Amino acid sequence: MNEPLFWLGLSILLVAISLTAVLTVAIPALQDLSRAARSAEKLFDTLSRELPPTLESIRLTGLEITELSDDVSEGVKSATKVAKQVDHSLNNARRQAQNISTNTRSLIVGIKAAWQTFKRSQSSNKASEIRLSSFHSVKGPSYHPDGETRSES
């Protein structure tokens, strides 16, 4: 057991067997790693071609959404303004309708008062004519409300 050459040969044999085992296992792993690297390279090439236009499209879409939200905001403000104008117009129309109602009632009351006054003046004219005619039938000529002097004969 003291023969160094034996031990040296045995050591070299064990190292050769170990290297063979490592290379046997490492070669397929390195081939798979090479395939994964090629696949990653293809993926990175695809990403470098496709990603910038996609990011640009996303950026443009964001800008369009911002513009649309601004347009919607302006539309809402415009609709609010129109609603306020319609409300103001309705209030004015309501006020004018109330004024018309008041003026119509006043007109009707005025017409009724004028009619009643007209009827009273006609009845009082007839009554005074009756009184005058009965008075003149006894006295003679009378003064008519027309301004003519009449004689009773």
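The figures here come from the full heavy-atom set of this structure, side chains too, leaving out hydrogens, waters and symmetry mates. Note that the coordinates shown come from a computational prediction; the quantities given were computed from them, not determined experimentally.
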Give, for atom CD1 of I17 and atom OG1 of T24, the distance between the pair rounded to the nearest 0.5 Å. 11.5 Å
Heavy-atom side-chain proximity of R49 to T46 below 4.5 angstrom: yes
Using 0.5 Å steps for rounding, measure from the CG atom of L14 to the CG atom of L10. 4.5 Å
Is the backbone of Q98 close enough, under 3.5 Å, to the side chain of T102 for a donor and an acceptor to pair up by distance? yes
Checking salt bridge (Lys or Arg N to Asp or Glu O under 4.0 Å) for the pair D32/R35: CA distance, chi angles, key distance, verdict? CA-CA 5 Å; D32 287 344; R35 273 188 241 121; 2.6 Å; yes
What I'd like to find out is whether the side chain of D87 reaches to under 4.5 Å of the side chain of N91, using heavy atoms alone. yes
As an exercise, state the distance from OG of S106 to CD1 of I111, rounded to the nearest 0.5 Å. 11.0 Å
Does this structure show an ion pair linking K42 with D45, if we count only N-O contacts that are shorter than 4.0 Å? no
So, does S73 use its side chain to make a donor-acceptor pair with the main chain of S69 at under 3.5 Å? no
As an exercise, state the distance from CG of N99 to OG1 of T104, rounded to the nearest 0.5 Å. 10.0 Å
Is T117 reaching over with its side chain to a backbone N or O of A113, donor-acceptor style, under 3.5 angstrom? yes
CZ/F44 to CG/L51 distance, rounded to the nearest 0.5 angstrom? 12.0 Å
Report the distance from atom OG1 of T61 to atom CD of E56, rounding to the nearest 0.5 Å. 9.5 Å
Following the transitive rule for hydrophobic clusters with a side-chain heavy-atom cut-off under 4.5 Å over Ile, Leu, Val, Met, Phe, Trp and Tyr, establish whether L90 and V82 coincide in one cluster. yes
Going by atom types only, do S34 and R38 share a side-chain donor-acceptor pair under 3.5 Å? yes
Closer than 4.0 angstrom, basic N to acidic O: yes or no for E74 and K77? no
